There are 2 protein chains.
Amino acid sequence: MTCSLQELCLPRGLYGHDLERLDALVERQGPHHEGDHLFRIGDKFGAIYAVRAGSYKSYTVDSEGREHVLGFHLPGELLGLDAIYPGHHVCNALALDTATVCILPYTQLSTLASQISGLFTQIMRLMSKDISDTATLAGDFTAEERLAAFLVGLSERFRLRGYSPNEFNLAMSRRDIANYLRLATETVSRVFARFEKDGLIAVDRRDVRLLNLPRLRTLCESMGNPQH
Amino acid sequence: MTCSLQELCLPRGLYGHDLERLDALVERQGPHHEGDHLFRIGDKFGAIYAVRAGSYKSYTVDSEGREHVLGFHLPGELLGLDAIYPGHHVCNALALDTATVCILPYTQLSTLASQISGLFTQIMRLMSKDISDTATLAGDFTAEERLAAFLVGLSERFRLRGYSPNEFNLAMSRRDIANYLRLATETVSRVFARFEKDGLIAVDRRDVRLLNLPRLRTLCESMGNPQH
DNA sequence: ACAACTTCTTGATCTAGGTCAATTTCCGGT
DNA sequence: ACCGGAAATTGACCTAGATCAAGAAGTTGT
């Protein structure tokens with residue numbers, strides 16, 4: 001069976017028999033509903049997950065009980081790569097809406113990767129991408145820069161998936177966005193309002209339209225190559 | 001030839017013939033002197049580097065010319081993993097003191113990794129570790145928490161390498177530390193002073209002694225599992 | 001041994017964004 | 001349609017850390 005996300009996900013660059021062999025070890029899971037956990041901290045690591053539909057957030061809870069959102073995961077993106085090293089999951093992942101995943105059992109995957117060189121390469125590429133992406137958020141950036149980068153990044157990711165890069169729906173709450181960007185929800189609210197007043201975006205609840213993508217890009221260009 | 005860092009680095013878990021095959025493709029480079037570049041942004045990606053001796057820092061320069069320190073790299077640690085995905089280096093790396101590296105040509109490495117399953121596993125583990133580590137710094141942490149985590153992290157890394165975890169020399173300037181922790185140099189200076197006044201550390205220029213590691217750990221435990 | 005740098009420290013303000021508090025808006029359940 | 005609770009917005013204040021400015025302490029070269 002051929003997945004429509006082939007070009008974004010692990011199978012990229014695989015064809016014919018190799019693709020079939022990868023396909024044979026993939027299981028599907030879901031649908032998960034909003035709030036369902038895909039995995040939790042401490043769960044034994046056994047598989048990498050690829051989002052098929054919907055979206056997930058990954059997060060940790062620190063010793064004081066504060067939640068820290070680590071990332072949002074759209075279709076075609078992988079989850080669980082950080083668990084390989086310690087052998088158990090180091091964050092929680094839950095569905096933000098109705099969502100499904102492919103399960104890629106790690107042992108079988110690594111056996112296959114040693115037989116199909118294109119698969120090895122693709123895994124390395126995706127992990128490498130993860131390493132550079134995580135760096136993006138660290139930094140002494142202003143609230144404007146952070147939110148602009150967030151919106152531009154989402155826009156890019158939607159575009160890659162064939163959706164409109166200018167108009168989309170946020171699966172996550174203001175609180176989640178704020179937490180992810182390391183800001184207070186109030187600040188996120190205020191910056192949304194400011195962006196709207198300045199004609200950069202139009203926002204109604206969780207529906208966002210980017211009215212001036214070039215200026216948003218300018219705002220966050222100091223954060224390094226914004227996205228991908 | 002057997003490297004003393006074997007247990008920290010790629011060869012981990014490899015023995016006999018497999019180890020020889022890996023060894024055969026490794027080249028040495030250096031010594032680099034303080035300020036020498038190992039690679040620069042935009043350089044074509046061709047190899048992964050493993051630090052043998054001394055230390056390196058990796059950094060970017062944003063569109064406004066500001067430098068952003070991404071990390072410090074001690075013996076046994078890998079550099080350049082983030083370049084696999086885009087195919088060219090996305091940060092600069094320079095030596096902080098007299099330092100040498102092993103060069104692992106990527107094409108040959110990936111061929112070998114598909115033949116030696118232990119090597120594949122080890123590469124995945126190290127990349128996975130990189131992914132979790134980068135997450136550590138992002139967060140709304142106080143200057144105290146950041147510096148404490150930095151010191152505790154270094155202490156761990158020195159301990160793993162057989163050096164004293166309680167007394168070590170900083171290869172990097174206050175300015176680099178500040179930049180890495182996303183603080184002003186003045187703030188770093190002040191927090192060093194405060195830690196010393198509170199009896200947590202003794203610091204003389206770049207020589208640091210950790211006098212109260214448990215309390216330092218407490219200070220930064222909210223930043224998630226501090227290290228490794 | 002001195003000058004010219006650079007790095008580090010210390011002190012005095014300033015400000016972005018956090019915190020606290022009060023509404024307003026939305027949504028799901030009965 | 002109504003109620004209750006969460007989510008989001010808006011306003012008033014308040015701190016951590018940046019910025020500005022000055023000086024101390026190393027370092028390097030001649």
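Each chain gets a letter, A, B and so on, in the order the sequences are listed, and its residues count up from 1. Because the structure is predicted, anything quoted here is derived from the model rather than measured.
Heavy-atom distances to DNA chain C give each of T187(A) and T185(B) a nearest nucleotide, and the one nearer the 5′ end belongs to T185(B). Sequence order on DNA chain C of the closest nucleotides to E186(A) and R205(A) puts E186(A) first from the 5' end.
More than 12 non-hydrogen atoms from other residues, nucleotides or ligands lie less than 6.0 angstrom from CD of Q29(A).
When heavy atoms are screened at a 4.0 angstrom cut-off, A143(A) is found touching the sugar-phosphate backbone but no base atom. Among the atoms of the strands shown, only primed sugar atoms or phosphate atoms (P, OP1, OP2) are found under 4.0 Å from some heavy atom of S173(B).
At whole-Å resolution of the value, CG in L183(B) and P in dT9(C) are 14 Å apart. The interatomic distance linking R194(B) (CZ) with dT10(C) (P) rounds to 12 Å, in whole Å. In this structure, L181(A) atom CG and dG18(C) atom P are separated by 10 Å, rounded to whole Å. Between the CD atom of E145(A) and the P atom of dG17(C) there is a distance of 9 Å, rounded to whole Å. When the C1' atom of dA8(D) is taken as reference, atom CG of L147(A) falls 14 Å away, rounded to whole Å. Here the C1' atom of nucleotide dA8(D) and the CG atom of N179(A) are 16 Å apart, to the nearest Å. If you measure from atom CG of D204(A) to atom C1' of dA7(D), you get 14 Å, rounded to the nearest angstrom. One atom, NZ of K197(A), and another, P of dT10(D), lie 12 Å apart when rounded to the nearest Å.
Annotation: cation-pi pair K129(B)/Y85(A) present, NZ/CZ under 6.0 Å from the ring centroid and within 45° of its normal.
For R190(A) against dG11(D), a side-chain N or O and a base N or O form a donor-acceptor pair under 3.5 Å. Looking at R146(A), its side chain has no donor and acceptor atom pair within 3.5 Å of the base of dG17(C).
Remark: of the listed residues L79(B), L10(B), I123(B), L81(B), L81(B) is the sole one forming a side-chain contact (heavy atoms from CB on, under 4.5 Å) with I48(B).
Under the 30°/60° scheme for interplanar angles, the aromatic rings of F45(B) and H89(B) are found to stand perpendicular.
Under 4.0 Å is where a charged nitrogen must lie from a carboxylate oxygen, and between R175(A) and E186(A) no such pair does.
Checked against dG11(D), dC8(C), dA8(D), the side chain of R206(B) finds its nearest nucleotide in dC8(C).
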